[in-house]
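Count residues from 1 along the sequence. In each ligand, atom 1 is the first atom listed, and ligand 1 is the first ligand listed.
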Amino acid sequence: MHILIVDDDPLQRNLLAGFLIKQGYTVTEAATGEETIRSFRQLPVDLVLLDHRLPDRNGDEILAELKRINPLVRVIMITAYGAVDTAVRVMQLGADDFLEKPVDLTQLLQHIQTVEEGLYIAADVAEVEKAINTSDLPVRIVAASPAMQQVLSLVMRAAASPWTVLIQGETGTGKELIARLLHLLSPRKSGPFIPINCAAIPEGLFESELFGHEKGAFTGAGGRRRGVFEQAHQGSLLLDEVGELPLAVQAKLLRTLQERSVQRVGGEQLVPVDVRVLAATNRDLKQMAIDGTFREDLYFRLNVITIDIPPLRQRKEDIPALVHFFLNKYHSKAVIDDQAMSQLTKYSFPGNIRELEHILQRTITFARSPVIGLRDLPAEVRTLQNQAVEGSLNARLTEVERQMIIEALDRSGWVQTRAAESLGISERVLRYKMEKLGIEKKG
Ligand SMILES: Nc1ncnc2c1ncn2[C@@H]1O[C@H](COP(=O)(O)OP(=O)(O)OP(=O)(O)O)[C@@H](O)[C@H]1O
Ligand SMILES: [Mg+2]
């Protein structure tokens, strides 16, 4: 939990900060109302300890402004000894609790713990109370399973806040869909939503894609170009496959996030940008941070709120609903018989929802009667083997790609640089494809 301590008296501030840091909390300090609001806008604060008497602004006013910026924030007001009327008023204004000066540290800790528990309970209650009605959402999404209901509940709570969200999940689990939903439920919904796939940016063009460039900044640069940060001004930017960013670009990205402005390649001035950043990845960024292939400070910057989307095989309750969803999407009048449906729920869907969608497209196209049975399902589902061996052009091509990559890796003793070279692709693209196709070294 991140706590912002607001007090104009440095001694009092240090005392509280020292104590709370020892208790394991993340702490930021502010001495004035202005500093409070500035820090609050920049940091993912959960709780504010607010001294009611500040030199520059009134505590009531600051409380109201904090709640306006983030209605989910908790505030404990610190009031003068015996100032009962103040205490009553701040509670009415939405403070969660108050303490009188001089602050008793044991008591403070108890109050903080109560707020902390309340945060978790509030989240649970919201989840249990109302199953989220997906037809009210601004995107079409299936969430029949408790796991997806939980994801949506988190999305709804996170959407209103200004913080960065890291969306994690295997390929095809719906990361981009969730990012779109976060944007559409946010106060920025009428601004642009710009997704960029970091894995698809050609080597050497990262900076120009993200931050833009000035006319003639490098060979072939042509005229001035706005990067995705500028394009997403007043909206949301989805950095998809963010784990694919080279370290040098990660450093510049971190700077951009901290300074809320970009410097175009070949440009001098800083261009301010107002962008909410969403990031998605199917890699284990935390592990990458430990291994040193992803900047730790950037990881923490991006990971203010994490949304984990579970793979489809861990939320099989969604499968029947998704089957109907996609039949409907393709205007199919076909009916799936019980045997076929039961077989579909047994399959593990390594490609998750995207794979389910492709399987249904194929099945609808090739079905021999309006009632789809076992025999109409693709071989991998019928035999419960995870490889696509027959079917559409795309499925066949994917399979050929997978075979070629595995062969090249085998030939090179799984040295990725050499395998990539023999395939005529960059190592980065190879890693991306391995990830996408679920290719891992065995044993
Ligand atoms: N819960 C859901 N309900 C309905 N459709 C979904 C759901 N989740 C994903 N989809 C659909 O499945 C497809 C894949 O989703 P999406 O592109 O968001 O996945 P992803 O996690 O970004 O995949 P990748 O890692 O390959 O980029 C899209 O067509 C999306 O609309
Ligand atoms: Mg995606």
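- For the pair Arg188 (side chain) and Phe193 (backbone), a donor-acceptor distance under 3.5 Å is absent.
- Between Asp337 and Arg375 there is no salt bridge, since no side-chain N of the basic residue sits under 4.0 Å from a carboxylate O of the acidic one.
- The residues Arg180 and Glu176 are annotated as salt-bridged, a charged nitrogen and a carboxylate oxygen being separated by less than 4.0 angstrom.
- The two atoms that bring Asp46 and Met1 nearest to each other are OD2-CA, 3.4 Å, heavy atoms only.
- Ion pairing between a basic and an acidic side chain is recognised when a charged N comes within 4.0 Å of a carboxylate O; Glu380 and Arg362 show such pairing.
- A salt bridge does not link Lys436 with Glu401: every distance from a Lys NZ or Arg NE/NH1/NH2 to an Asp or Glu carboxylate oxygen is 4.0 Å or more.
- Annotation: ligand 1 has protein neighbours Ile141, Val142, Glu170, Thr171, Gly172, Thr173, Gly174, Lys175, Glu176, Leu177, Glu241, Leu322, Phe325, Ile353, Arg354, Glu357, Lys436, each with a heavy atom less than 4.0 angstrom from the ligand.
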